[in-house]
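Structure first, then comments.
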Amino acid sequence: MVNQKKIEEAVKLFLEGIGEDITREGLIETPERIARMCTELFAGMDETAKNHLQKTFSVSNNDIVLEKDITFYSVCEHHLLPFYGKAHIAYIPDGKVVGLSKLARTVEVYAKRPQIQEQMTVQIAEALMEHLRPKGVMVMLEAEHMCMTMRGIRKPGSRTVTIAKKGCFEEEPKLQDYFLHLIGGKI
């Protein structure tokens, strides 16, 4: 749970640390704004994927289920700068599926916490394997990182692509190729 008072105190210290006047008109309410923003940006800290993946529906068809281009926004745990992009998720059911919005909600659970993209990709795949128990899962995230765009190397437009494969997607390269074909051959 976000401690808004601590965040407000930290923001005041930060602003003073960079040489700002915290009594300046434009900054007076900034600590409160930042604390409210943190409640939204880090809402995943108090959630688990299980909440979204526990209600399933029986199916007789066990063909691939794909949801692509799920927009996400996250915050890099190394610099506390945003990274954002698209998630693509595929799974092969083993007799049960979850509502499609639940896949996007699962992405949000992991995106809304201080995070690194590599770990977020694996967390999404592992949550689906654990709670849906499908035959396999493949997750791909494509993101632009502000820590590479606005500081450091300063390379706007560069994308980081991460992939996690579980179950039959690990074992069958043709499924991996099919996944990439379905999302538009991106990489």
Side-chain angles (χ1 to χ4, degrees), residues 1-2 36-77 80-146 159-187:
M1 173 158 301
V2 172
R36 286 192 310 271
M37 176 189 70
C38 287
T39 299
E40 182 179 339
L41 291 182
F42 302 115
M45 298 290 295
D46 299 324
E47 280 194 83
T48 67
K50 180 181 179 181
N51 296 343
H52 303 294
L53 298 173
Q54 61 189 353
K55 182 173 174 132
T56 59
F57 305 95
S58 297
V59 292
S60 57
N61 179 356
N62 287 327
D63 286 338
I64 194 168
V65 174
L66 170 72
E67 189 163 344
K68 66 181 191 172
D69 295 327
I70 303 166
T71 301
F72 71 87
Y73 301 90
S74 192
V75 176
C76 168
E77 67 185 29
L80 294 182
L81 288 172
F83 67 95
Y84 57 92
K86 303 283 184 182
H88 314 287
I89 299 172
Y91 70 98
I92 299 189
D94 193 7
K96 60 184 179 176
V97 294
V98 69
L100 294 176
S101 71
K102 305 310 183 195
L103 297 176
R105 290 184 190 281
T106 298
V107 170
E108 288 295 295
V109 165
Y110 296 108
K112 290 189 175 278
R113 52 180 74 175
Q115 186 63 274
I116 62 171
Q117 181 178 333
E118 297 88 340
Q119 185 61 35
M120 183 175 150
T121 310
V122 172
Q123 289 170 330
I124 294 166
E126 288 177 346
L128 292 169
M129 287 300 287
E130 178 182 349
H131 300 294
L132 294 184
R133 304 222 182 274
K135 294 177 182 177
V137 170
M138 190 160 167
V139 175
M140 183 170 102
L141 301 184
E142 304 174 79
E144 184 168 347
H145 292 249
M146 289 292 99
R159 293 179 306 144
T160 300
V161 176
T162 52
I163 295 174
K165 302 170 285 206
K166 303 289 180 190
C168 61
F169 280 96
E170 278 182 296
E171 301 152 9
E172 298 179 37
K174 285 184 180 182
L175 276 176
Q176 297 169 30
D177 292 342
Y178 187 48
F179 171 86
L180 294 172
H181 169 75
L182 288 173
I183 64 168
K186 298 177 182 177
I187 287 196

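These numbers were taken from a predicted model, which means no experiment stands behind them.
- Counted within 6.0 Å of NZ on Lys96, heavy atoms from surrounding residues, nucleotides or ligands total more than 12; the atom is thus considered enclosed.
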Determine, stepwise, if the pair Leu180 / Met140 fulfils side-chain contact (heavy atoms from CB on, under 4.5 Å).
CA-CA 9 Å; Leu180 294 172; Met140 183 170 102; 4.1 Å; yes
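- Shortest non-hydrogen contact noted between Asp63 and Pro93 is O-CD, 3.1 Å.
- Looking only at side-chain heavy atoms (C-beta outward), Leu41 and Tyr73 stay at 4.5 Å or farther from each other.
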Kindly indicate, with the supporting measurements, whether the criterion side-chain contact (heavy atoms from CB on, under 4.5 Å) is fulfilled by Gln115 and Val75.
CA-CA 6 Å; Gln115 186 63 274; Val75 176; over 6 Å; no
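- In terms of heavy atoms, Ile64 sits closest to Ile92 at CA-CG1, 4.2 Å.
- Atom CD of Glu47 sits about 10.0 Å away from atom OH of Tyr110, to the nearest 0.5 Å.
- Taking NE2 from His88 and OG1 from Thr121, the interatomic distance works out to 10.5 Å, rounded to the nearest 0.5 Å.
- Leu175 places none of its side-chain heavy atoms less than 4.5 Å from the side chain of Lys165.
- The aromatic rings of Phe72 and Phe83 stand perpendicular to each other, their planes meeting at an angle above 60°, with 30° marking the opposite boundary.
- The line from NZ of Lys102 to CG of Leu128 is 13.5 Å long, rounded to the nearest 0.5 Å.
- A donor-acceptor contact shorter than 3.5 Å is absent between the side chain of Gln54 and the backbone of His131.
- Looking only at side-chain heavy atoms (C-beta outward), Ser74 and Lys112 stay at 4.5 Å or farther from each other.
- When all heavy atoms of Glu142 and Val161 are compared, the pair lying nearest together is CG-CG2, 4.1 Å.
- Looking at Leu66 and Tyr178, their side chains never come closer than 4.5 Å, going by heavy atoms from C-beta outward.
- The side-chain heavy atoms of Leu100 and Val65, taken from C-beta on, include a pair separated by under 4.5 Å.
- With hydrogens and angles ignored, the 3.5 Å screen pairs no side-chain donor or acceptor of Asp94 with any backbone N or O of Asn62.
- Residues satisfying the salt bridge (charged side-chain N to carboxylate O under 4.0 Å, His left out) test with Glu126, not counting sequence neighbours, are Lys166.
- Rounding to the nearest 0.5 Å places NZ of Lys86 at 13.0 Å from CD of Glu144.
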Show, in sequence, the C-alpha distance, side-chain angles and deciding distance for Gln117 and Thr160, and conclude whether the side-chain hydrogen bond (donor to acceptor under 3.5 Å, both in side chains) test is met.
CA-CA 8 Å; Gln117 181 178 333; Thr160 300; 4.6 Å; no
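- The minimum heavy-atom distance between Ile89 and Leu103, with the atom names listed, is CD1-O, 4.0 Å.
- With sequence neighbours excluded, no residue satisfies side-chain contact (heavy atoms from CB on, under 4.5 Å) with Glu130.
- Put simply, the side chain of Tyr84 reaches to within 4.5 Å of the side chain of Met146, judged on heavy atoms.
- Note that CD1 of Ile70 is 9.5 Å distant from CD of Glu108, once rounded to the nearest 0.5 Å.
- Annotation for Arg113 and Gly44: closest pair NH2-O, 2.6 Å, computed over non-hydrogen atoms.
- Pairing each heavy atom of Val98 with each of His52, the nearest pair is CG2-O, 3.8 Å.
- The CE atom of Met1 sits 11.5 Å away from the CE atom of Met45 when rounded to the nearest 0.5 Å.
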